[in-house]
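What follows is a set of notes on a single structure, which appears directly below.
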Amino acid sequence: QVQLVESGGGLVQAGGSLRVSCVASGRTFSSNVMGWFRQAPGKDREFVAGISRGGSTTLYADSVKGRFTISRDNAKNTVYLQMNSLKPEDTAVYYCTATPRIIVPKEPTQYDYWGQGTQVTVSS
């Protein structure tokens with residue numbers, strides 16, 4: 001069982017930056033692929049970024065590529081999402097997620113554990 005707790009969300013102006021973090025409980029953090037999803041009001045939950053167990057492989061949605069960076073610190077059981085050049089359309093609840101799969105999936109159904117989410121609001 002893995003418990004995930006996100007933090008770092010907030011309100012930022014367009015063009016600004018924000019970093020959200022996710023701390024995982026348990027000793028199996030390094031055995032899990034980690035991901036970030038987001039969900040805006042009235043929209044489906046969408047993949048944002050994912051990172052392999054060791055951190056050597058990252059995957060991004062086209063909408064955030066070049067602006068967002070996912071990273072992890074296995075010694076701290078923490079995964080980060082650095083968000084730069086934020087746009088109003090990035091406004092959403094951001095969820096941290098984990099799966100023991102080997103590959104980095106993009107479908108939410110392929111992730112096993114979810115955090116409670118953290119709100120990110122980008123004003124224009």
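The structure displayed is predicted, hence computed values, not measured ones.
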Item to check | Stepwise side-chain contact (heavy atoms from CB on, under 4.5 Å) test for Y60 and T58 | outcome: CA-CA 7 Å; Y60 296 95; T58 56; 3.6 Å; yes
Under the side-chain contact (heavy atoms from CB on, under 4.5 Å) test, residues paired with [X] that sit two or more places apart:
X   : value
T78 : S21, V23, K76, Y80
S25 : Q3
E89 : K87

Item to check | R101: partners by side-chain hydrogen bond (donor to acceptor under 3.5 Å, both in side chains), with sequence neighbours left out | outcome: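 R101 satisfies side-chain hydrogen bond (donor to acceptor under 3.5 Å, both in side chains) with no other residue.
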Item to check | For D44, side-chain hydrogen bond (donor to acceptor under 3.5 Å, both in side chains) partners two or more places apart | outcome: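 side-chain hydrogen bond (donor to acceptor under 3.5 Å, both in side chains) list for D44, sorted by chain: empty.
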Smallest separation among heavy atoms of [X] and [Y], with atom names:
X    : Y    : value
V79  : F29  : N-CZ, 4.0 Å
R53  : P100 : NH2-O, 2.6 Å
V120 : M83  : CG2-CE, 3.9 Å
Q116 : L4   : OE1-O, 3.6 Å
A40  : T91  : CB-O, 3.7 Å
I51  : S71  : CD1-CA, 3.7 Å

Checklist entry - Can you name the residues that form a salt bridge (charged side-chain N to carboxylate O under 4.0 Å, His left out) with R67, not counting sequence neighbours? => result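 Partners of R67 under the salt bridge (charged side-chain N to carboxylate O under 4.0 Å, His left out) test: D90.
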Checklist outcome for this item: Sequence neighbours excluded, the answer for salt bridge (charged side-chain N to carboxylate O under 4.0 Å, His left out) partners of E46 is R38
Donor-acceptor pair, [X] side chain versus [Y] backbone, under 3.5 Å?
X   : Y   : answer
R72 : S52 : yes
Y94 : E6  : no
D73 : A75 : yes

Checklist entry - Please walk me through it: do T99 and Y113 pass side-chain contact (heavy atoms from CB on, under 4.5 Å)? => result CA-CA 7 Å; T99 176; Y113 307 103; over 6 Å; no
Checklist entry - Does some side-chain heavy atom of V33 sit less than 4.5 Å from a side-chain heavy atom of Y111? => result yes
Next on the checklist: Do Q82 and F68 have side chains that approach each other closer than 4.5 Å (heavy atoms only, starting at C-beta)?
Outcome noted: no
Checklist entry - If you look only at pairs with a residue in residues 109-123, which of them pass as a salt bridge (Lys or Arg N to Asp or Glu O under 4.0 Å), with sequence neighbours excluded? => result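 Residue pairs passing salt bridge (Lys or Arg N to Asp or Glu O under 4.0 Å), neighbours aside: none found.
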Item to check | Pairs involving residues 45-116, ordered by first then second residue, that meet disulfide bond (SG atoms under 2.5 Å apart) (sequence neighbours left out) | outcome: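 Residue pairs with at least one partner in residues 45-116: C22-C96.
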Next on the checklist: Holding to ring pair (Phe, Tyr, Trp, His ring centres under 6.0 Å), I want the full list of residues that pass it with F47, two or more places apart in sequence or in another chain.
Outcome noted: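 Applying ring pair (Phe, Tyr, Trp, His ring centres under 6.0 Å) to F47 gives F37.
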Item to check | Same cluster (ILVMFWY, side-chain, under 4.5 Å), M34 and W114 | outcome: no
Checklist entry - What's the verdict on side-chain contact (heavy atoms from CB on, under 4.5 Å) for N32 and V2, showing C-alpha distance, side-chain angles and the deciding distance? => result CA-CA 9 Å; N32 284 274; V2 178; 4.0 Å; yes
Using a 3.5 Å cut-off and no angle test, enumerate the donor-acceptor pairs between side-chain atoms of residues 8-20 and protein atoms at least two apart in sequence or in another chain.
| unit_1 | atom_1 | unit_2 | atom_2 | d |
| --- | --- | --- | --- | --- |
| S17 | OG | N84 | OD1 | 2.9 |

Side chains of residues 102-110: which donor-acceptor partners sit under 3.5 Å, not counting sequence neighbours?
none

